[in-house]
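The structure under discussion appears below in the form of structure tokens.
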Amino acid sequence: MKLDILAVGAHPDDIELSCSGTIAKEISNGKKVGILDLTRGELGTRGTPEIRDQEAKKAADILGISIRENLGFKDGFFINDQEHQLEIIKVLRKYRPEVVLCNAITDRHIDHGKGSKLASDSCFLSGLRKIETYVDGEIQEPWRPKHVYHYIQWVNIEPDFVVDISSHIDKKMESVMAYASQFYDANSTEPSTPISSKNFSDSIKYRAADLGRIIGVPYAEGFTVERYVAVDSIFNLI
Ligand SMILES: [Zn+2]
């Protein structure tokens with residue numbers, strides 16, 4: 001199966017928190033979207049990896065994701081090296097996405113910046129013919145995605161472009177709340193964390209509202225780029 005978009009996240013829930021409105025919108029436009037989680041989020045204070053797996057599946061179903069894979073890298077400790085790059089390259093060559101969405105370039109959680117660079121470097125390396133990868137004994141063709149965009153998660157990074165997600169804000173919030181063990185729940189008996197506060201849950205929606213306000217729509221998501229965004233026509237912008 002060929003994907004239009006592959007969204008890569010260090011932890012299950014990174015994508016839902018940061019760019020699920022954009023993903024829901026593109027799926028409604030007929031695009032095929034996959035998610036690659038680098039770790040199972042096993043160091044998360046609340047819940048267990050098994051609960052996270054179930055929540056990730058539920059969120060993917062809500063969004064209409066075509067495939068969701070997890071590379072099982074070590075939460076908190078994975079590094080950007082050949083071994084980890086090759087695992088991502090295999091996935092890129094298997095699904096041949098045109099666009100890759102990856103973690104914020106820097107963030108509160110150290111895995112986000114690491115995951116961002118690891119995914120981006122892998123996209124570049126995946127296009128090099130002399131890096132040979134095999135799946136089931138078959139050599140894979142090189143593949144370099146046309147675009148790599150970085151979503152924004154905890155830290156308020158200034159976006160380079162924003163996407164109007166007004167008609168998909170409800171799907172976004174529903175996919176976020178699929179991670180019931182992680183976020184605000186007044187009845188939870190698990191320890192409090194920065195992301196389990198009501199303030200954090202509320203911030204997902206008010207950030208989207210704030211980005212929307214600036215571009216004159218109800219809700220939006222922001223991204224940063226590694227090279228200039230180019231447009232066919234200046235009349236195609238909203
Ligand atoms: Zn994360």
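Indexing begins at 1, ligand by ligand and atom by atom, following the structure's order. Throughout, residue positions are numbered sequentially from 1 according to the sequence presented.
A cation-pi contact, defined as under 6.0 Å to the ring centre and within 45° of the axis, links R108 to W154. Both the sub-6.0 Å distance and the 45° axial angle are satisfied by K114 relative to the ring of F78.
Between E221 and K172 a salt bridge is recorded (basic side-chain N to carboxylate O distance below 4.0 Å).
Taking 2.8 Å as the threshold, H112 counts as a candidate ligand of the Zn ion (ligand 1), since one of its N, O or S atoms lies below it.
Of all the N, O or S atoms in D14, the one closest to the Zn ion (ligand 1) is OD1. Looking at H11, its N, O or S atom nearest to the Zn ion (ligand 1) turns out to be ND1.
Under a hydrophobic-cluster definition in which Ile, Leu, Val, Met, Phe, Trp and Tyr are linked whenever side-chain heavy atoms come within less than 4.5 Å, directly or via other members, Y149 and I105 are assigned to the same cluster.
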